[in-house]
Amino acid sequence: MRLVADGTTPIPRRVLVDAFETDAGHAFEPASPLFLAAGDRVSFEGDGLVIVRAGGERLSPAGGWSTRCRLGSLRRR
């Protein structure tokens, strides 16, 4: 599923996410899979991920960045 991580577009339905891939070929991998609820908003701030719940609660899950080198391959940066 493609999610918009602009901080303003709400997630349309509940999803389980184990990585967020960017169009530039990078991926943010949370330390553990995340459930995103309908209405959550996602953005990348600084070196991390920020999730804003529909009620206003801000979460910054632990995780790290990696680079997609080729199809099916991840290299940590």
Side-chain angles (χ1 to χ4, degrees):
M1 174 180 196
R2 186 171 189 83
L3 302 175
V4 177
D6 61 4
T8 59
T9 304
I11 304 298
R13 66 176 190 258
R14 184 176 176 173
V15 294
L16 176 64
V17 180
D18 61 358
F20 294 86
E21 294 183 23
T22 69
D23 291 337
H26 300 3
F28 181 84
E29 299 174 26
S32 61
L34 301 171
F35 273 109
L36 298 177
D40 286 354
R41 292 172 285 138
V42 178
S43 65
F44 296 110
E45 296 180 10
D47 286 339
L49 177 76
V50 175
I51 300 167
V52 179
R53 300 283 186 196
E57 178 186 8
R58 290 176 60 92
L59 306 172
S60 295
W65 287 95
S66 59
T67 303
R68 288 244 182 244
C69 299
R70 61 186 181 280
L71 187 61
S73 174
L74 279 179
R75 181 180 3 168
R76 307 259 181 229
R77 76 171 181 166

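Under the rule for a side chain to side chain contact (heavy atoms under 4.5 Å, CB included), the partners of A19 that lie at least two apart in sequence or sit in another chain are E29. Under the rule for a side chain to side chain contact (heavy atoms under 4.5 Å, CB included), the partners of D23 that lie at least two apart in sequence or sit in another chain are R2. Partners of F28 according to the ring-ring contact (aromatic ring centres under 6.0 Å, His included) rule, which considers only residues two or more places apart in sequence or in another chain, are W65. Here E45 pairs with R58 under the salt bridge (Lys or Arg N to Asp or Glu O under 4.0 Å) rule; sequence neighbours left out. Judged as a side chain to side chain donor-acceptor pair (under 3.5 Å), and not counting sequence neighbours, the contacts of T9 are D6.
Through direct or indirect side-chain contacts shorter than 4.5 Å among Ile, Leu, Val, Met, Phe, Trp and Tyr, V50 is connected to V52.
Note: the hydrophobic cluster containing F20 also contains L59 (ILVMFWY, side chain heavy atoms under 4.5 Å, direct or indirect links).
For the atom pair S43 OG and L49 CG, the distance stands at 7.0 Å (nearest 0.5 Å).
Contact record, D18 with P30: O-CD, 3.4 Å, taken as the closest heavy-atom pair.
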Between side-chain atoms of residues 32-41 and protein atoms elsewhere (two or more places apart, or another chain), which donor-acceptor pairs fall under 3.5 Å?
| residue | atom | partner | partner atom | Å |
| --- | --- | --- | --- | --- |
| D40 | OD2 | A37 | N | 2.9 |
| D40 | OD2 | R53 | NH1 | 2.4 |
| R41 | NH1 | G7 | O | 3.4 |

